[in-house]
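For the numbers below, each heavy atom of this structure counts, side chains included, while hydrogens, waters and symmetry mates do not.
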Amino acid sequence: MEVLYKSTRSDSAPVKASEAILKGLADDGGLFVPDQIPKLEIPFAKLAGMTYQETAYEVMKLFFTDFTEEELKNCINKAYDSKFDTEKIAPLAEVDGAYYLELYHGATIAFKDMALSILPYLLTTSARKNKVKNEIVILTATSGDTGKAALAGFADVEGTKIIVFYPKNGVSPIQEKQMVTQKGANTHVVGIHGNFDDAQTGVKKLFSDKELAKEMDAKGFQFSSANSINIGRLVPQVVYYVYSYATLFAQGKISEGETINVVVPTGNFGNILAAFYAKNMGIPIGKLICASNDNKVLFDFFQTGTYDRNREFILTSSPSMDILISSNLERLIYRIAGENAGKNAELMKALSQEGKYEITEEMKAQLADFVGGYASEEECFAQIKNLYEKCGYVLDTHTAVASAAYTKYVKETGDQTRTVIASTASPYKFTRSVMKAIDPKYDSMGDFELVDELSRISNTDVPKAIEEIRDAKVLHDTICEKDEMESAVKKFLGI
């Protein structure tokens with residue numbers, strides 16, 4: 001059964017998976033969505049015996065129907081290999097009554113590796129399938145983790161270049177060092193004076209600039225995206241929710257068909273949308289708990305049905321969630337609007353022009369499976385300290401937001417359903433915040449002293465990704481204003 005991809009903003013002709021992956025964003029500025037969410041027909045007993053790679057193939061083949069078995073398996077096997085420090089790829093840790101899905105065992109110790117390890121192979125395969133002669137220029141905005149994961153995935157991949165924009169003072173010191181020390185002749189990193197929303201808006205503007213596209217084409221280049229707006233990043237994220245359910249079943253923690261809840265720390269909405277897709281494929285997921293930090297635009301949306309970005313932008317210790325424009329929410333809005341592209345486009349126009357929109361009561365009724373959760377900085381820090389003292393398990397700041405929101409949810413509802421919490425980054429990526437939460441005395445120590453101390457108190461090895469940047473040289477020091485992003489791109493490409 002062929003799955004095609006259509007835009008959320010117009011009724012233009014649908015495209016094949018490989019075309020959607022190549023484009024990243026639809027020509028009308030909309031996001032690509034599958035024309036149907038396929039059902040996973042494999043019995044849970046069979047899924048339970050599969051490796052991560054085998055599970056990935058069973059899920060992705062249903063979405064990427066124009067890829068051959070050989071092409072898709074080649075992409076999967078190149079992605080999920082020894083770059084990960086565990087054969088399981090995405091292990092589950094049972095801690096204090098919940099199951100933490102550890103999505104940070106890849107090359108850059110954050111969940112973005114789960115999709116950005118495979119995206120370069122999906123893209124280059126798509127380019128070959130569509131006889132693309134241009135060099136693919138990956139253009140990405142990052143709030144911290146996507147940038148490094150994309151850089152690592154695309155570094156020295158033939159036929160590609162990658163340009164990453166990040167908010168100069170809006171990422172952790174470790175996140176910044178990971179990006180600015182990135183090797184690879186085809187890589188370019190630019191800090192902007194502004195926040196993540198400025199970077200993301202600037203990237204979207206460059207994508208929709210028809211004159212720039214013509215200039216680039218004349219020089220043999222074309223843009224594509226590694227952000228979660230690319231369907232080639234969203235679909236691989238569905239896999240780990242399927243895998244986590246199968247793992248719980250294999251371990252005897254749940255019976256066949258038993259419902260689980262999922263909690264996801266959320267900024268751009270892609271990660272929790274992937275869980276929603278897994279649910280629609282037939283995985284018995286009950287509640288989808290969307291956890292926000294102090295930038296609680298999504299929490300407010302699920303409470304009220306109004307999405308309003310007209311508010312103070314707060315820099316927190318969970319920077320990957322410091323987002324007021326959650327791009328992937330558009331895919332959900334399109335769905336609950338009855339796949340009415342006109343209605344969705346109208347709402348997105350209101351968001352762009354007025355900074356807010358309100359959904360109808362009928363649309364709101366379709367969000368019954370979603371629960372808005374929220375944890376303040378204080379609650380996030382308290383959760384890190386509490387879980388460490390109780391269990392010896394150390395959470396990063398983003399996962400702590402999800403964990404704290406989940407604790408509040410159980411207290412308020414009494415819901416004892418088995419729950420998977422998406423653990424989106426290693427605590428080593430946010431050592432200063434994490435260690436300070438455990439004990440304020442640590443704040444006087446240097447960044448890498450803290451790394452060694454975290455290793456000692458948590459009895460875990462320092463990840464390779466951190467060891468590599470201890471003495472790494474800064475290779476990228478470009479900084480620009482938010483309205484100079486086009487010039488930065490042209491300069492790097494020699495246009």
Query raised in the report: Salt-bridged, Lys205 to Glu486, with N to O below 4.0 Å?
Result: no
Query raised in the report: Does the side chain of Asn344 pick up a donor-acceptor pair with the side chain of Glu330 at under 3.5 Å?
Result: yes
Query raised in the report: Is there a side-chain contact between Ile192 and Lys168, using heavy atoms and a 4.5 Å cut-off?
Result: no
Report summary line: All heavy atoms of Ala20 vs all of Asn230, minimum pair found to be O-OD1, 4.3 Å
Requested in this report: Answer whether the closest heavy-atom distance between the side chains of Leu122 and Phe64 falls below 4.5 Å.
Outcome: yes
Query - Qualifying salt bridge (Lys or Arg N to Asp or Glu O under 4.0 Å) pairs, either residue in residues 116-130, two or more places apart - result: Glu71-Lys129
**Report entry** His193 side chain vs Lys482 backbone, donor-acceptor pair below 3.5 Å
**Finding:** no
Query raised in the report: Nearest heavy-atom pair of Thr142 and Gly147: which atoms, and what distance?
Result: OG1-N, 2.8 Å
Please tabulate, for side-chain N and O atoms in residues 23-38, each donor-acceptor pair with protein atoms closer than 3.5 Å (sequence neighbours left out).
from, atom 1, to, atom 2, distance (Å)
Lys23, NZ, Asp27, OD1, 3.0
Lys23, NZ, Asp27, OD2, 3.1
Asp28, OD1, Ser7, OG, 2.7
Asp28, OD1, Gly30, N, 2.8
Asp28, OD2, Ser7, OG, 3.0
Asp28, OD2, Ser10, OG, 2.4
Asp35, OD1, Leu4, N, 3.3
Gln36, NE2, Glu2, O, 3.3

Requested in this report: From the options Leu119, Ile136, Ile21, Thr140, select the one residue that forms a side chain to side chain contact (heavy atoms under 4.5 Å, CB included) with Ser224.
Outcome: Ile136
Requested in this report: Would you check, one step at a time, whether the test side chain to side chain contact (heavy atoms under 4.5 Å, CB included) holds for Asp81 with Asn77?
Outcome: CA-CA 6 Å; Asp81 58 8; Asn77 293 334; over 6 Å; no
**Report entry** Check: Ser18/Ser126 side-chain N/O donor and acceptor closer than 3.5 Å
**Finding:** no
Query - Nearest heavy atoms of Tyr357 and Leu347, plus distance in Å - result: CD2-O, 3.5 Å
Requested in this report: Please report the C-alpha distance between Glu158 and Thr124 in whole Å, then the side-chain angles of each, then the deciding distance to 0.1 Å, and finally whether the side chain to side chain donor-acceptor pair (under 3.5 Å) criterion is met.
Outcome: CA-CA 8 Å; Glu158 207 176 319; Thr124 49; over 6 Å; no
Report task. Please determine if Lys429 and Asp396 form a salt bridge, counting it only when a charged side-chain N lies under 4.0 Å from a carboxylate O. Result -> no
Requested in this report: Could you tell me whether a side-chain N or O of Asp369 sits under 3.5 Å from a main-chain N or O of Leu288, the two making a donor and an acceptor?
Outcome: no
Query raised in the report: Which atom names give the shortest non-hydrogen contact between Gly153 and Val157, and what distance separates them?
Result: O-CG2, 3.4 Å
Query raised in the report: So, Asn310 versus Asp308: side-chain donor-acceptor pair below 3.5 Å or not?
Result: yes
Query - Side-chain donor/acceptor of Ser208 to backbone N/O of Lys204, under 3.5 Å - result: yes
**Report entry** Tyr374 versus Asp294, side-chain donor and acceptor atoms under 3.5 Å
**Finding:** yes
Report task. Could you go through the side chain to side chain contact (heavy atoms under 4.5 Å, CB included) check for Lys161 and Glu135 one step at a time? Result -> CA-CA 7 Å; Lys161 287 193 188 310; Glu135 195 161 11; 3.7 Å; yes
Query - Ring center gap for His398 and Phe111 short of 6.0 angstrom - result: no
Query - Check: Phe84 ring centre within less than 6.0 Å of His105 ring centre - result: no
Query raised in the report: How are the rings of Tyr52 and Tyr80 set relative to one another: parallel (under 30°), tilted (30 to 60°) or perpendicular (over 60°)?
Result: perpendicular
Report task. Please report the closest heavy-atom contact between Ser423 and Tyr104, naming both atoms and the distance. Result -> OG-CE2, 3.3 Å
Report task. Please check if any side-chain donor atom of Ser225 sits under 3.5 Å from a side-chain acceptor atom of Arg233, or the reverse. Result -> no
Requested in this report: Answer yes or no: are there more than 12 heavy-atom neighbours, outside Lys61 itself, under 6.0 Å from its atom NZ?
Outcome: yes
**Report entry** Lys/Arg N to Asp/Glu carboxylate O, Lys16 vs Asp66, below 4.0 Å
**Finding:** no
Query raised in the report: Just checking, any donor-acceptor pair under 3.5 angstrom between side chains of Glu377 and Ser317?
Result: yes
Query - Atom NZ of Lys436: over 12 foreign heavy atoms under 6.0 Å - result: no
Report task. Could you tell me the separation between the CD atom of Glu102 and the OG atom of Ser244, rounded to the nearest 0.5 Å? Result -> 12.5 Å
Query raised in the report: Would you say the ring centroid of Phe276 lies under 6.0 angstrom from that of Phe370?
Result: yes
Report task. Give a yes or no answer on whether the side chain of Glu379 reaches the backbone of Ser376 with a donor-acceptor pair at less than 3.5 Å. Result -> yes
Report task. Nearest 0.5 Å please: distance from the OG1 atom of Thr125 over to the CZ atom of Phe67. Result -> 6.0 Å
Query - side chain to side chain contact (heavy atoms under 4.5 Å, CB included), paired with Thr187, selected from Asp156, Thr160, Ile138, Ile162 - result: Ile162
Requested in this report: Give, for atom OG1 of Thr478 and atom CD of Glu484, the distance between the pair rounded to the nearest 0.5 Å.
Outcome: 11.5 Å
Requested in this report: Mind running side chain to side chain donor-acceptor pair (under 3.5 Å) on Asp322 and Asn195 for me, showing each step along the way?
Outcome: CA-CA 9 Å; Asp322 291 346; Asn195 59 39; over 6 Å; no
Requested in this report: Spell out, as yes or no, whether a donor-acceptor pair under 3.5 Å connects the side chain of Asn261 to the backbone of Lys287.
Outcome: yes
Query raised in the report: Regarding Tyr100 and Ser403, is there a side-chain donor-to-acceptor distance under 3.5 Å anywhere?
Result: yes
Report summary line: One should read off an interatomic distance between Ile359 CD1 and Lys364 NZ, to the nearest 0.5 angstrom, of 7.0 Å
Query raised in the report: Roughly how far, to the nearest 0.5 Å, is the OG atom of Ser326 from the CG atom of Asn295?
Result: 9.5 Å
Requested in this report: Could you tell me whether the side chains of Asp217 and Asn134 share a donor-acceptor contact shorter than 3.5 Å?
Outcome: yes
Report task. Before giving the answer on salt bridge (Lys or Arg N to Asp or Glu O under 4.0 Å), spell out for Glu354 and Lys349 the whole-Å C-alpha distance, their side-chain angles and the decisive distance to 0.1 Å. Result -> CA-CA 8 Å; Glu354 297 149 40; Lys349 189 177 176 187; over 6 Å; no
Query raised in the report: Is there a donor in the side chain of Gln175 and an acceptor in the side chain of Lys148, or the other way round, less than 3.5 Å apart?
Result: no
Requested in this report: For Lys490 and Met216, indicate whether the former's side chain and the latter's backbone hold a donor-acceptor pair under 3.5 Å.
Outcome: no
**Report entry** Exam field: side chain Arg331 to backbone Ile229, donor-acceptor pair closer than 3.5 Å
**Finding:** yes
Query raised in the report: Going by an N to O cut-off under 4.0 Å, is there a salt bridge joining Asp300 and Arg311?
Result: yes
**Report entry** Donor-acceptor side-chain pairing of Tyr241 and Asn271 below 3.5 angstrom
**Finding:** yes
Requested in this report: Working to the nearest 0.5 Å, report the span between CD1 of Ile421 and CD1 of Ile289.
Outcome: 8.0 Å
Query raised in the report: So, Ser352 side chain and Met348 main chain: donor-acceptor pair closer than 3.5 Å or not?
Result: no
Query raised in the report: Counting heavy atoms not belonging to Lys83, are there more than 12 under 6.0 Å from its NZ?
Result: yes
Query raised in the report: Backbone N or O of Leu395 within a donor-acceptor pair of the Thr399 side chain at under 3.5 Å?
Result: no
Query raised in the report: Any idea which heavy atoms bring Ala275 and Ile285 closest together, and the distance?
Result: O-CD1, 3.6 Å
